[in-house]
Protein chains: 2
Amino acid sequence: MADHALTKETILDTAEQVLRRFGPEKTSVVDVARALNVSHGTIYRHFPSKASLREAVAEKWLHSISLPLEAVFKQECSASERLCLWLKTLIHIKHTLVQEDPELFTMYTTLVEESVDVVNAHIGELISQIIPIIEEGMANQEFKSADASLIASGIFMATARFHHPAHAKEWASPTIDHEFDIVWNLILSGIVK
Amino acid sequence: MADHALTKETILDTAEQVLRRFGPEKTSVVDVARALNVSHGTIYRHFPSKASLREAVAEKWLHSISLPLEAVFKQECSASERLCLWLKTLIHIKHTLVQEDPELFTMYTTLVEESVDVVNAHIGELISQIIPIIEEGMANQEFKSADASLIASGIFMATARFHHPAHAKEWASPTIDHEFDIVWNLILSGIVK
DNA sequence: CAAATGACAGATTTCGTTTTTTGTCATTAA
DNA sequence: TTAATGACAAAAAACGAAATCTGTCATTTG
């Protein structure tokens, strides 16, 4: 009865649109089904539950955050510059998302918070992007040698204030970039040789 | 009509009890008045609004957190040990509060989040406890010399994950202490000479 | 026979109504 | 003359009935 072939992807894209329009608390799977001109029972043929559908949307969003960070590896620069750029890029993405549409950011954050496994995978992915940068710096003699994965997760945790959505309210502060620089200097002097 | 002389203090203590019993969303100033056997109009003679009463309770709680930290200055030890002890004490207080009574912790956190000025004063107070430790370390030649207040706020921000209530859920992790050690090592190697 | 439907039970949400609360103030009590 | 009261209007919360939603499944459709 649908206009297009009804794939998981189609449902996912429509769910995302409906969530964007109605928000996370007001979208029902009936709404998504209505947007697709199918019965809501059909959705359950492709997703076992409403939660799994929301989780899939959350995962897609997180992927859109981690993907552009890979471009940082193509930059020709030192390891400390690359590390700084990587962090600033991550932070810039998040801060821009909040600034441009706070409601939308809250919507995605709500979905993400429901999906613990997806978040943990995302965090793991981000940290494993940091590790090679640290290793590069150690190989270079730029950084003191140590356990790169410990350093990487330390850096990720120490910068939580700037990228963890729980701190989004603080990102509106006019001094937030300066505050990042303070923390960055502290971290950098901890790892350089 | 009250049993005791009706002071700001008496009202504050009673408000705290009622809040503890009923929670932050279910306590009205009528409830507090009832507990004191006075009319609710009387409360407004001592506090200009419900918000200011809640703020006063929040402030008292925050004070009970910052006060015991002063004992750390009486320890006979090096600056880096003192700094580590200070951070671990702060973190231990918070983690213990959550663990022993998560609902109560949430109650106080709710009050605190409403009171931006009170929180900022509290954070300022905490950071100004760190500054003299850093200065001691610099005077000692233990730490590289630098702007102590910048270092202090950097350390406070870099450890947010372990003391900011927005991260309370993460404190239940069995590896949280280990994670603090990772961040602490990173910070320490950034400041030692 | 694979894909979609629609009816169904139980859980959850919405909505209009009633009750309670907040904050003020003229009046009362000490 | 200071402290407390209680009545009041406007705002917010609580409540319960009605509607909607979730997830399942026997039946229908192409």
Side-chain angles (χ1 to χ4, degrees), chain A residues 1-59 103 106-107 110-111 113-118, chain B residues 1-59 103 106-107 110-111 113-118:
Chain A
M1 201 57 78
D3 297 345
H4 320 283
L6 193 63
T7 63
K8 249 184 131 134
E9 285 308 312
T10 317
I11 294 172
L12 193 50
D13 291 346
T14 306
E16 194 169 4
Q17 285 170 32
V18 176
L19 279 161
R20 280 172 167 260
R21 177 175 291 277
F22 294 175
E25 31 271 332
K26 304 216 173 160
T27 57
S28 64
V29 347
V30 172
D31 291 325
V32 177
R34 197 164 19 229
L36 284 160
N37 277 104
V38 296
S39 70
H40 78 276
T42 301
I43 306 276
Y44 285 91
R45 171 170 295 279
H46 299 269
F47 291 90
S49 65
K50 183 185 183 180
S52 73
L53 179 55
R54 291 164 73 97
E55 197 167 83
V57 175
E59 192 165 22
E103 305 233 343
T106 305
M107 187 284 276
T110 304
L111 295 187
E113 272 165 9
E114 291 166 5
S115 319
V116 185
D117 296 345
V118 169
Chain B
M1 202 57 78
D3 297 344
H4 319 285
L6 192 63
T7 64
K8 250 184 130 138
E9 285 307 313
T10 318
I11 295 172
L12 193 51
D13 290 347
T14 307
E16 195 169 2
Q17 284 171 31
V18 176
L19 278 161
R20 279 172 168 261
R21 178 173 290 276
F22 294 175
E25 31 271 331
K26 304 217 173 158
T27 56
S28 64
V29 347
V30 172
D31 291 327
V32 177
R34 200 168 13 235
L36 284 160
N37 275 104
V38 297
S39 70
H40 78 277
T42 301
I43 307 274
Y44 284 92
R45 170 169 298 279
H46 299 269
F47 291 90
S49 66
K50 183 185 184 181
S52 73
L53 178 56
R54 290 164 74 98
E55 199 167 82
V57 175
E59 192 165 22
E103 304 233 343
T106 304
M107 188 284 276
T110 304
L111 295 186
E113 272 165 9
E114 291 165 5
S115 320
V116 184
D117 296 345
V118 169

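Reminder, nothing fancy here: chain letters follow the sequence lines and each chain counts from 1.
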Between [X] ([atom1]) and [N] ([atom2]), how many Å, whole number?
{"X": "A:N37", "N": "C:dA3", "atom1": "CG", "atom2": "C1'", "result": "16 Å"}
{"X": "A:L6", "N": "D:dG30", "atom1": "CG", "atom2": "P", "result": "16 Å"}
{"X": "A:R54", "N": "D:dT22", "atom1": "CZ", "atom2": "C1'", "result": "13 Å"}
{"X": "B:H46", "N": "D:dA3", "atom1": "NE2", "atom2": "P", "result": "8 Å"}
{"X": "B:L53", "N": "C:dT21", "atom1": "CG", "atom2": "P", "result": "15 Å"}

Please tabulate the protein-to-nucleotide N/O contacts below 3.5 Å involving nucleotides 9-15 of chain D, giving atom names and distances.
none

Notebook entry, point to check: Is the shortest side-chain N/O distance from B:T42 to OP1 or OP2 of D:dA4 below 4.0 Å?
Noted result: no
Which atom pairs, donor and acceptor, lie under 3.5 Å between side-chain atoms of residues 11-18 of chain B and protein residues at least two apart or in another chain?
residue, atom, partner, partner atom, Å
B:D13, OD1, B:K60, NZ, 2.7
B:T14, OG1, B:T10, O, 2.8
B:E16, OE1, B:K60, NZ, 2.9
B:E16, OE2, B:Y108, OH, 2.7

Check: Quick one: what's the B/S/- string for nucleotides 22-30 of chain C, heavy-atom cutoff under 4.0 Å, read 5' to 3'?
Finding: BBB------
Notebook entry, point to check: Looking only at atom types and distance, does a side-chain atom of B:S28 sit under 3.5 Å from a main-chain N or O of B:D31, one as donor and one as acceptor?
Noted result: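 Pair found, side chain donor or acceptor close to backbone of B:D31.
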Check: Is there a donor-acceptor pair closer than 3.5 Å between any side-chain N or O of A:R54 and the backbone N or O of A:P24?
Finding: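 At least one qualifying donor-acceptor pair exists.
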Checklist line | Test side chain to side chain contact (heavy atoms under 4.5 Å, CB included) applied to A:E114 and A:E55, step by step | finding: CA-CA 8 Å; A:E114 291 166 5; A:E55 197 167 83; over 6 Å; no
Next item on the list: Please name the pair of heavy atoms, one in A:F47 and one in A:K8, separated by the smallest distance, quoted to 0.1 Å.
Entry: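 Reported closest heavy-atom pair: CE2-CE, 3.8 Å.
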Note to self: Can you give me the closest heavy-atom contact between A:T7 and A:H46, atom names plus distance?
What the structure shows: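 Closest pair (atom of A:T7, atom of A:H46, distance): C-ND1, 4.5 Å.
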Checklist line | Approximate separation, where rounding is to 0.5 Å, of A:I43 CD1 and A:S49 OG | finding: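 Rounded to the nearest 0.5 Å, the CD1-OG separation comes out at 12.0 Å.
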Checklist line | Check against side chain to side chain contact (heavy atoms under 4.5 Å, CB included), A:L19 and A:V32 | finding: CA-CA 9 Å; A:L19 279 161; A:V32 177; over 6 Å; no
